[in-house]
Structure formats: structure tokens, C-alpha cells
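Data first, discussion second: the structure below is written as C-alpha cells.
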Amino acid sequence: MTFPKAPLFPVTAGVNAQGHLVLGGCDVVDLASEFGTPLYVFDEATLRDKCREFVREFTSLYPNTGVIYASKAFLNPALAKLIREEGLGLDVVSGGELAVALAVEFPMEEIYFHGNNKSLQELEMALDNRVGRVVADNISELNMLNDLAGKAGLIQNIMLRISPGVDPHTHAHTTTGVLDSKFGFPIETGQAEEGLIHALSLPNLNLVGLHFHLGSPIFELEPYAIAIDVVLAFAARFKERFQLKEISPGGGFAIGYVMDKPPPPVKAYAQTIVSALTSRCRSLGLDEPRLVIEPGRAIVGQAGVALYTVGAIKEIPGLRKYVSLDGGMGDNIRPALYGAIYEAVKASEMRKQPKERVTLAGKFCESGDILIKDADMPILEPGDIVAIPSSGAYSPSMASNYNLAPRPVIVMVKDGEARLIRRRESFQDLMHCDVY
Ligand SMILES: *Cc1c(COP(=O)(O)O)cnc(C)c1O
């Protein structure tokens, strides 16, 4: 059964006879009482659908495409296994993410190691485990990696992270491919050229391609086409000495957080990227390289729903009604960090019309800990369950223990069964690393 905000929810979402939200065949009100809140519910069918949609839409237009899941959006061992089962590779940005991949025996040749300041230990770990690609961000990393590879007697395949100088018109905190960015070698200043020539001169590194990532979420298609043009034109300048075997436009594919801002379909991103790539290769006389795309948010975002229990309610007459939830910036920092917007539903009464405009506040000790500033909701009472859709990406992965709040439970639902994939932290867990 469909309901008003269904497009923001997982593909299995529905409403049962009691008017409760159902995900993966599970009544979320039951899930909330079984596992407690805040609770993150991931729908397995949606995760698999999204993996398959990216593979299908890109490979049908451009068979030589690799789909690499950008794991910083959310990673734990259960999810890493699922990603592997779907045949995707993994983009990691830290030793910690690589450790999760190792824990589930993820094939290391399918790993892309990113980051603007990889440590010596991280680079050693990458080499020791023979990761497929290190995406080098700067000259000092190139030198450090070359030395380490030499000592280990290895030739490491690398890509260069290029900053093409293209603005994707997203929030400044999540814009990465413009000139003034900490990421990558800028083309405009000549540093990309310098980096490329230097990389080619290093004996223990094998430069296979160029990478860029513009930012996230990117609701427009054109920035991808423009940046592909810029990066291919750059590569063509070095045709004589460098063969571009791989190109990656990164990730950044948008999802719907609110009903009035729908994302482009995956197919549209695929058409734009592939047509820019093929037409530009033709006009520049370049062989068509392997295409590597790195969706993060678009794989896990829609699959995840956050559930909270309503607690204190305070109405400031004529001004605002605060409805406080039992989570907030500790499990979802995005609204406080970059003004991210969400919608919410009353999960226990999905058929009720919105009756009042409230502010859904978190329970953390910051005035900025507001999850949704103006949410049109049915009347909420203490004990009600509120669900926030599109919560799968960059919420659990950015969760903190601020106020020493235990981080939330995560379950995976499928065919009426809920499988715990991360238990709630205990108070003992919170002191696990403390020495006294
Ligand atoms: C964050 C990131 C991605 C994924 O971004 P999404 O918006 O989650 O798709 C891909 N590639 C790189 C290099 C990144 O840093």
C-alpha cells in the first residue's frame, strides 16, 4: 500500500491494518519496542535494488564500468558482505574502513583507497594487503607511497585525484572539486600536470588513471559532463607518454530527502556521464578508458529509516512547539553540520493527516540540535514513534558519543524478519577505552 511520502522510503515500505509503517515486512512500532530507539532500520531489498540499478544503468550503456561503493556513507561488516554479494567494489578512506573490508574478506583488488592525508601506517596497510588502487591526492603522498612500495618490492597501481575546478552547486562543506579545496591536484594552477609528470617518474607506482569527485549531493547533471570534458582534455595533453586506462567521476549522486526536491534518476546520471565520456574520447582521439563510479549516499540513503520515540513536548505560545525525540545530533549530525533537511512521519498513525507544524528537536545539549525545524505532523504525544526516511547515509557513519549517548542500534529487515547488525552501545562500551 502506498502513502503520501512513500518515494522517500525504502521500496518495501507500506502501511498495515493498524495504520503502522511497515518496512521489509516488519511493523516498525514492534521493532521500536523490541530493539528500543533511536533505531536505524535498513531494508535489504532497497540496498540490493540500488546496487543493481547502478550496475545495470551504467553497464548497459558502457560495459566497461566498475561500480565501487563509497563506504564512508555507512559501513559495517554486514553491509560490506552485502556489497560484496552484489559484486560491487569498495572505496575506503581510512585504515578503519579497510579493516572492516579485511574482516569480511573483501577482495582487496576491488578496493580503492582515498583520502587527502593518508598516514604512513594507512599506506603500509594498503600495500601489505595489496589494495587494487591507491588514489593519490598530493605530491608528498606520491613520494611516501613510492618509497614504501620500493621497500616492499611492489609496484602499486594508482590513480591521481584531480581537482577540475567545477562547482556542482551543493553546500560549501560538501563541495570538493573547486580550485579552493583541500582535495586533489588542481588543473588550473599547473599542479595536476606537475603531479602527473612526477607520478610517471616514480618507479614503484603505476599510474592507471585519473579521478575526480565534485561534491555531494549533486542534483544537477551538467557538472559531471563539464568535469569529464575538462579532465579528458587534460589527459589528452599527455597522450604521448600517458595512457588513460581508467577514469572516475567519483560519486555524489543525489537522493530524495524531501518530496519537493526529487533527485535525477540513476539512468540520467549514467546517460550524461557516458555520453560525455564517449563523445569527448572520440573528439580527442583517446581510447575509451574503464569507467569507475563511486556511489555512496545513493546506495544506502533511501534504504535507511531512523526511528525515534517522542518525549518532552514544549509549546512556546505564539512561537513554536518543540517535540523532543530521543536521538538527534549524536546519531544524525547533518542538520546541524550543513543545514540538511528531512521529512518525518508519525509511524504509529500513518493515515492521520498533518494537524500542526512542530519542531522536532533532539536530546543533545546544543540549541542547534534540531532534526527538523518545521515539520507538519499529526498530533504527537509522548511515546509516539516518529520515522525519518532517507537516513541511511552519513547518519550512523557520522554518529558520535556526544553527551556520552550510546550510538543507536541498527537492524536489517527482510521478508518480515529483523536481523540485528549493530547492537546498541552499553554504558560500559562508552568507557571501554578509558584508563583510570
Ligand atoms: C564521498 C565520496 C564519494 C561518495 O559520495 P556520495 O555522495 O556518498 O555518493 C565517492 N568518491 C569519493 C572520493 C568520495 O570522497
Side-chain angles (χ1 to χ4, degrees), residues 47 50-51 53-55 57-58 65-75 79 83 88-94 96-98 110-118 122 126 131-138 141 158-164 166 168-178 181-185 209-221 223-224 227-228 231 246-257 263-266 268-270 273 291-304 334 337-338 340 390-398:
L47 290 169
K50 292 293 166 190
C51 292
E53 186 180 7
F54 272 94
V55 171
E57 297 301 346
F58 277 86
T65 304
V67 181
I68 308 294
Y69 169 60
S71 66
K72 73 177 189 286
F74 171 56
L75 188 68
L79 183 71
I83 293 293
L88 274 57
L90 210 61
D91 147 356
V92 302
V93 297
S94 69
E97 290 179 358
L98 183 55
E110 302 286 329
I111 302 266
Y112 283 65
F113 200 120
H114 286 272
N116 69 302
N117 187 23
K118 303 174 192 80
E122 286 172 326
V131 303
R133 303 278 183 276
V134 173
V135 183
D137 188 276
N138 52 69
E141 180 186 341
I158 63 162
M159 296 179 85
L160 282 193
R161 168 86 177 246
I162 300 294
S163 176
V166 174
H169 309 120
T170 183
H171 193 282
H173 291 187
T174 54
T175 294
T176 55
V178 294
S181 166
K182 70 172 183 170
F183 295 105
F185 294 93
L210 301 176
H211 177 284
F212 63 87
H213 172 70
L214 299 174
S216 181
I218 303 172
F219 283 83
E220 297 167 34
L221 301 171
Y224 288 97
I228 285 174
V231 172
E246 259 183 42
I247 188 166
S248 178
F253 311 110
I255 63 168
Y257 284 99
V266 175
Y269 287 111
I273 288 170
L291 172 63
V292 175
I293 54 157
E294 300 174 330
R297 185 191 313 275
I299 298 287
V300 292
Q302 192 189 336
R334 297 186 66 256
L337 187 61
Y338 29 63
S390 299
S391 291
Y394 303 103
S395 290
S397 67
M398 287 192 177

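One is the number of the first residue; the rest follow in order along the sequence. Counting starts at 1 for both ligands and their atoms, following the listed order. This is a predicted model, so every value here is computed, not measured. Values below: every heavy atom of this structure, side chains too, minus hydrogens, waters and symmetry copies.
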Which heavy atom in Leu214 sits nearest to a heavy atom in Tyr224, and how many Å separate them?
CD1-N, 4.0 Å

Regarding Lys72 and Glu97, does a basic nitrogen lie under 4.0 Å from an acidic carboxylate oxygen?
no

Provide, line by line, the atom pairs where ligand 1 and the protein bring an N/O atom each to a distance under 3.5 Å; else say none.
{"residue": "ligand 1", "atom": "7 (O)", "partner": "Ser216", "partner atom": "OG", "Å": "2.3"}
{"residue": "ligand 1", "atom": "7 (O)", "partner": "Gly252", "partner atom": "N", "Å": "3.3"}
{"residue": "ligand 1", "atom": "8 (O)", "partner": "Arg297", "partner atom": "N", "Å": "2.7"}
{"residue": "ligand 1", "atom": "8 (O)", "partner": "Tyr394", "partner atom": "OH", "Å": "2.6"}
{"residue": "ligand 1", "atom": "9 (O)", "partner": "Gly252", "partner atom": "N", "Å": "2.9"}
{"residue": "ligand 1", "atom": "9 (O)", "partner": "Gly296", "partner atom": "N", "Å": "2.9"}
{"residue": "ligand 1", "atom": "11 (N)", "partner": "Asp91", "partner atom": "OD2", "Å": "3.3"}
{"residue": "ligand 1", "atom": "11 (N)", "partner": "Glu294", "partner atom": "OE1", "Å": "2.7"}
{"residue": "ligand 1", "atom": "15 (O)", "partner": "Lys72", "partner atom": "NZ", "Å": "2.7"}

Classify the side-chain pair His169/Glu220 by whether it contains a donor and acceptor separated by less than 3.5 Å.
yes

Any side-chain heavy atom of Ile83 sitting closer than 4.5 Å to one from Ile299?
yes

Would you please indicate yes or no on a ring centroid separation below 6.0 angstrom for His114 and His211?
yes

Output, in order, the C-alpha distance, side-chain angles, deciding distance and verdict of side-chain contact (heavy atoms from CB on, under 4.5 Å) for Phe54 and Leu88.
CA-CA 10 Å; Phe54 272 94; Leu88 274 57; over 6 Å; no

